[in-house]
Amino acid sequence: MIDRKPAIVARPLGVADVVTCVRWARQHDVRLTIKGGGHNIAGLAVADDALTLDMSAMRGVWVDTDANVAHAQAGCLLGDVDRETQVHGLAAVLGFVSATGIAGLTLGGGFGYMTRKYGWTSDNVLSIQVVTADGRVVRASEKENPDLFWGLRGGGGNFGIATDFEYRLYPVGPEVMAGAIAWRGDDTAQVLELYEKVTANAPSELTCPLVLRNAPPAPWLDRDVHGKPVTVILFAYSGSVEEGAKLAQPLKSFGSPVGDVIQPRPYTTIQSLLDGTQPKGRRYYWKSEYVPGVETELLTKAAEHARKTQSPHSAVIVFPLDGALGRLPEDHSAVGNRATGAVINIAGSWDDAAEDRQHIAWARDTWSDMRRFSTGGTYMNFLTEEEGDARIRDAYGSNYDRLIDVKTTWDPDNFFSVNKNVVPRG
Ligand SMILES: Cc1cc2nc3c(=O)[nH]c(=O)nc-3n(C[C@H](O)[C@H](O)[C@H](O)COP(=O)(O)OP(=O)(O)OC[C@H]3O[C@@H](n4cnc5c(N)ncnc54)[C@H](O)[C@@H]3O)c2cc1C
């Protein structure tokens, strides 16, 4: 759905090339865009007639096992980092689909299976090296340029080009108890009741996203449910396999599942379990909202709307985020939204451009109805192309004014404008 034509695509091999590109773009008054993983739903990696910095040649990862820290270049995909850190039984707090770029995800906040325990991805970043709007190379951390560091942890690509990230790592895997389990649509009410119970009592090492959709023709699901409504619970436990098996038991023994692949598996395979649901080339339109928690009415409504989609690929997904986020103050860093219990993602997805209108309408209608459950906040990284100023303010809430201050200091001319833009003062 993103059909834009940059004038030039540059593929930097290192920081020096990035600096050259920034200086060149300024000198020639050319707009610059940055492509990390290229996953942004609003298509912010590219713009017509721009210079696009494609970071995909900068994908090195170095793991320091003494300090439990990984240094990752900004062109890495999530899977690159997981692959290297798992050699040592370690992992960073990253997202659910391995082809997502670390840069866009981390700069927007970032969440995944370990967020309930450790917080936003950006809460677990120790430093970021950045090429600024005037072509300088600086490091941002709690000690160096702390105002920039505050803004980078949630403020997206507004302040400069990140060239590497330093992540705190945690012991996890290499084997974990994880996977997915599904039941027929007819059992939805009982499964939602179970889901509420399981999530209410889940230790912080356990994350169970809920997926409401029509069953894809996946080999792990009974053939007779393909194309029909199913309720899927994803399960990822980052502690021991034995403890994970105990926690999975109430799910496994409930009713008559139509598919169950919760099992001991390499951590990297749960990190890529959803990859197949998000292939390149499909059409995607999302609407999202943060909610304080998951309760019966919200879940029931979400299930009702999921049944109305005419697409075999669309889904309403609930990602639990309660726990560690709330242990830091709202103004700890730009990302904020620390009272969030979950994010609802209304994920429209279909094949044929001729059906755009109907599937976009489904996502919008669902969102309009689900909005009443919102905290008032939304995830900047899930905003679509047409979601502008008002939604950007919603995404940052009380941190928005301070973001403008940081933008005014570090990018007073708004050189970095192809992003969910925070406009500098003056
Ligand atoms: C299938 C799918 C699954 C997802 N799953 C998750 C998830 O589990 N958790 C989660 O938190 N989010 C998730 N997201 C959202 C994701 O975090 C955002 O789409 C994010 O923007 C992707 O980063 P990227 O580098 O791939 O994006 P790109 O499209 O390459 O870039 C997005 C934005 O980031 C900026 N940017 C990229 N690289 C840099 C850089 N080096 N320096 C400065 N700015 C830069 C760009 O300017 C642009 O504005 C998912 C998205 C998709 C499509």
Side-chain angles (χ1 to χ4, degrees), residues 1-2 4 12 15 18 21-22 31-47 50 52-56 58-59 72-80 93-115 119-122 128-133 140 148 151-152 154-165 207 209 234 236 270-280 282 284-286 288 313 315 317 319 321 335 337 343 345 347 349 379-385 392 410-411 415-422:
M1 292 177 85
I2 316 289
R4 296 179 202 141
V15 177
V18 176
C21 288
V22 167
R31 251 189 337 165
L32 181 141
T33 73
I34 314 156
K35 176 176 174 287
H39 252 206
N40 191 269
I41 194 86
L44 293 172
V46 281
T52 290
L53 265 177
D54 168 3
M55 303 293 280
S56 63
M58 293 175 64
R59 283 172 73 173
Q73 285 186 301
C76 285
L77 306 182
L78 308 190
D80 299 332
V93 179
L94 298 172
F96 298 91
V97 172
S98 73
T100 310
I102 63 163
L105 180 132
T106 306
L107 295 170
F111 65 87
Y113 291 114
M114 295 208 289
T115 296
W120 297 118
T121 300
S122 59
I128 306 174
Q129 183 171 274
V130 178
V131 176
T132 61
L148 177 61
L152 286 168
N158 266 291
F159 312 106
I161 302 168
T163 54
D164 75 65
F165 295 84
T207 295
L234 299 167
I270 183 68
Q271 287 291 92
S272 53
L273 196 80
L274 296 181
D275 287 14
T277 66
Q278 310 288 324
K280 288 191 201 296
R282 255 192 214 150
Y284 296 97
Y285 183 87
W286 292 1
S288 305
H313 310 308
I317 310 171
F319 297 100
L321 296 175
V335 59
N337 289 290
V343 60
N345 189 17
S349 171
Y379 185 32
M380 188 278 281
N381 266 344
F382 281 178
L383 293 179
T384 45
E385 193 178 350
I392 297 171
W410 288 91
D411 185 17
F415 175 65
F416 298 112
S417 62
V418 187
N419 41 45
K420 284 301 170 190
N421 200 228
V422 175

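Because the structure is a prediction, the values reported are computed rather than measured. When reading the values below, keep in mind they use all heavy atoms of this one structure, side chains included, and skip hydrogens, waters and symmetry mates. All ligand and atom numbering here is 1-based and tracks the order in the structure.
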Name all residues meeting the side chain to side chain contact (heavy atoms under 4.5 Å, CB included) criterion together with Lys420; count only those two or more places apart in sequence or in a different chain, and write none if there are none. Ala42, Leu44, Met380, Leu383, Ile392
Please confirm whether the backbone N or O of Gly104 pairs with a side-chain atom of Asn381, one donor and one acceptor, at under 3.5 Å? yes
Quick check: Trp410 with Phe159 (ring centres under 6.0 Å apart)? no
Ile102 side chain reached by Leu105 side chain, heavy atoms, under 4.5 Å: no
Could you list the residues that satisfy side chain to side chain donor-acceptor pair (under 3.5 Å) with Thr163, not counting sequence neighbours? Gln129
Can you name the residues that form a side chain to side chain donor-acceptor pair (under 3.5 Å) with Asn345, not counting sequence neighbours? Ser288
For ligand 1, what are the residues with a heavy-atom contact below 4.0 Å? Ile34, Lys35, Gly36, Gly37, Gly38, His39, Asn40, Leu44, Ala45, Ala74, Gly95, Phe96, Val97, Thr100, Gly101, Ala103, Gly104, Leu105, Leu107, Gly110, Phe111, Gly157, Gly160, Ile161, Ala162, Gln278, Trp286, Tyr379, Asn381, Phe382, Val418, Asn419
